[in-house]
Protein chains: 2
Amino acid sequence: MNSAAPDVLAQRLADSGLRSTPQRELVYAVLLAKRDHPTADQVFTRVKEELPGISLATVYNCLETLVSCGLVKQVNLERESTRYCPNLHPHAHFHDEITGATHDIDLPPTIFSKLRAVLPPGYDAEGVEITFRGSAKLPAPSTSRESRTATAH
Amino acid sequence: MNSAAPDVLAQRLADSGLRSTPQRELVYAVLLAKRDHPTADQVFTRVKEELPGISLATVYNCLETLVSCGLVKQVNLERESTRYCPNLHPHAHFHDEITGATHDIDLPPTIFSKLRAVLPPGYDAEGVEITFRGSAKLPAPSTSRESRTATAH
DNA sequence: CCCTCGTTTGGAATTGTTCTAAATTGGCTT
DNA sequence: AAGCCAATTTAGAACAATTCCAAACGAGGG
């Protein structure tokens, strides 16, 4: 489905003078495959299925590498494990406090300029994070055709 | 300066069936005195000056109590220590990535309804958090005493 | 081939926080 | 004032997430 992803990764790594390794590719593939904002430990579990010998330290290393390449973003809600998100489009997060799930919310581009406008003079924002908390009663989480996210590209 | 605060605290505690204690009062006073979003450890340091025998566990307990009373909010930026904020007005946070300081940003009330409007149907948000990241070149940190952290030791 | 350097690895170390069990405190009842 | 009960505090152990470290590995370049 996403045969281009590895190349994107290899390219980005090369740009940063880094090597493409099976571990890095797999970690990235796992993030792209299931965009549920997994923790490092969850990534570890998923990656082990394909590469049983991988170590948790390596997963942390790879995630850090992906973040520094700009391919993945860290998400911190509450004070719990950091979560990882390969969605590079501007978006907000909706944290469902009942299920614990985190959903991406697409945002109209105008919202960012509106938000920047509320900053007093002297404040120069490079980025904005928006996190909703509440509960989502979604019509039907159709596990089949991956309703959310991914689509927008 | 803020002689009403202890009463507010005592009232809130009573409402929750909790007692007012010197430790709780002091922790709350410390948060009100210097609103720089301190970590539990920083609160501990400040509180010890007046109550040297207090333990870190108690500071954590008191902070948790204040949060559950609704007098203080937890703030989590990055994955580092939780920070504590006694500002109950709706506001955003500006995280200065150069100094590490976090400033409160007042928000027009309309922004929240605008934000809720971007949520797809089925999503019911009880709260929204907005965090800016960037750098602030402030004319003069009007907080009078204390330019920032460090100085005291 | 062999050397070098980036990468991976397992385990130890750190950090921030919570848990636990015992000691203390403050009200109430008498 | 004495005693009692429950809330609170305390020190230290336990925990969870993450980082650090030093050794082993592996891929290219000379």
Side-chain angles (χ1 to χ4, degrees), chain A residues 6 9-10 12-30 37-48 50-69 72-85 100 102, chain B residues 6 9-10 12-30 37-48 50-69 71-84 100 102:
Chain A
L9 172 57
R12 286 289 191 114
L13 288 170
D15 290 350
S16 304
L18 299 169
R19 291 180 192 162
S20 183
T21 70
Q23 289 89 344
R24 285 171 179 169
E25 281 171 18
L26 189 48
V27 166
Y28 188 44
V30 153
H37 308 85
T39 64
D41 222 63
Q42 290 173 315
V43 172
F44 181 45
T45 300
R46 294 174 196 178
V47 155
K48 262 196 301 194
E50 189 141 343
L51 204 64
I54 199 171
S55 82
L56 178 57
T58 299
V59 170
Y60 274 103
N61 288 342
C62 292
L63 288 169
E64 160 60 24
T65 300
L66 294 173
V67 168
S68 67
C69 282
V72 167
K73 287 190 302 188
Q74 292 182 314
V75 180
N76 288 289
L77 316 163
E78 320 291 334
R79 197 205 133 67
E80 46 168 18
S81 304
T82 294
R83 293 172 177 279
Y84 296 86
C85 174
T102 299
Chain B
L9 171 58
R12 286 290 191 113
L13 288 170
D15 290 351
S16 305
L18 300 170
R19 290 181 192 162
S20 183
T21 70
Q23 290 89 344
R24 285 171 179 169
E25 280 171 20
L26 188 50
V27 166
Y28 189 42
V30 153
H37 306 85
T39 64
D41 222 63
Q42 291 174 316
V43 172
F44 181 46
T45 300
R46 294 174 196 179
V47 156
K48 262 195 300 192
E50 189 141 342
L51 204 64
I54 199 171
S55 82
L56 178 59
T58 299
V59 171
Y60 273 104
N61 288 342
C62 293
L63 289 170
E64 161 59 24
T65 300
L66 294 172
V67 169
S68 67
C69 282
L71 287 174
V72 167
K73 287 190 301 187
Q74 292 182 313
V75 179
N76 287 290
L77 317 162
E78 320 292 334
R79 197 206 133 66
E80 47 167 18
S81 305
T82 294
R83 293 171 176 279
Y84 296 87
T102 299

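Note that these values count all heavy atoms, side chains included, but never hydrogens, waters or copies made by symmetry. Letters A, B, ... are given to chains in the order of the sequence lines, protein chains preceding strands, and every chain is numbered from 1.
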query: About how many Å separate CG of A:Leu26 and OG1 of A:Thr58, when rounded to the nearest 0.5 Å?
result: 11.5 Å
query: Considering only side-chain heavy atoms of A:Arg19, which listed nucleotide, D:dT10, C:dG6, C:dT25, is closest?
result: C:dG6
task: Return the nearest nucleotide to the side chain of B:Ser55; candidates are C:dT8, D:dA11, D:dT9.
output: D:dA11
message: With a 3.5 Å distance limit and no angle check, can you tell me whether A:Arg46 reaches the backbone of A:Val30 through a side-chain donor-acceptor pair?
response: no
statement: Among the nucleotides C:dG10, D:dT18, C:dG16, whichever has the atom closest to the side chain of A:Ser81 is D:dT18
message: Using whole Å, what does the distance between atom P of nucleotide C:dC19 and atom CD of B:Glu64 come to?
response: 10 Å
- prompt: Starting at the 5' end of DNA chain D and moving along, which residue's nearest nucleotide shows up first, B:Leu56 or B:Gly17?
  reply: B:Gly17
- line: Residue pair B:Arg79/B:Pro22 against DNA chain D: nearer the 5' end by closest nucleotide is B:Pro22
- prompt: Would a 4.5 Å heavy-atom cut-off, applied to side chains only, mark A:Gln74 and A:Tyr84 as touching?
  reply: yes
query: Of all the nucleotides listed (C:dT7, D:dT18, C:dT9), which has the minimum atom distance to the side chain of A:Thr21?
result: C:dT7
Check: A:Arg79 side chain, B:Glu80 main-chain N or O, donor-acceptor pair, under 3.5 Å: yes
field: Nearest-nucleotide pick for A:Ala57, side chain only, options being C:dT17, D:dC20, C:dC19
entry: D:dC20
message: So, OP1 or OP2 of D:dT8: does either fall under 4.0 Å of a side-chain N or O from B:Arg24?
response: yes
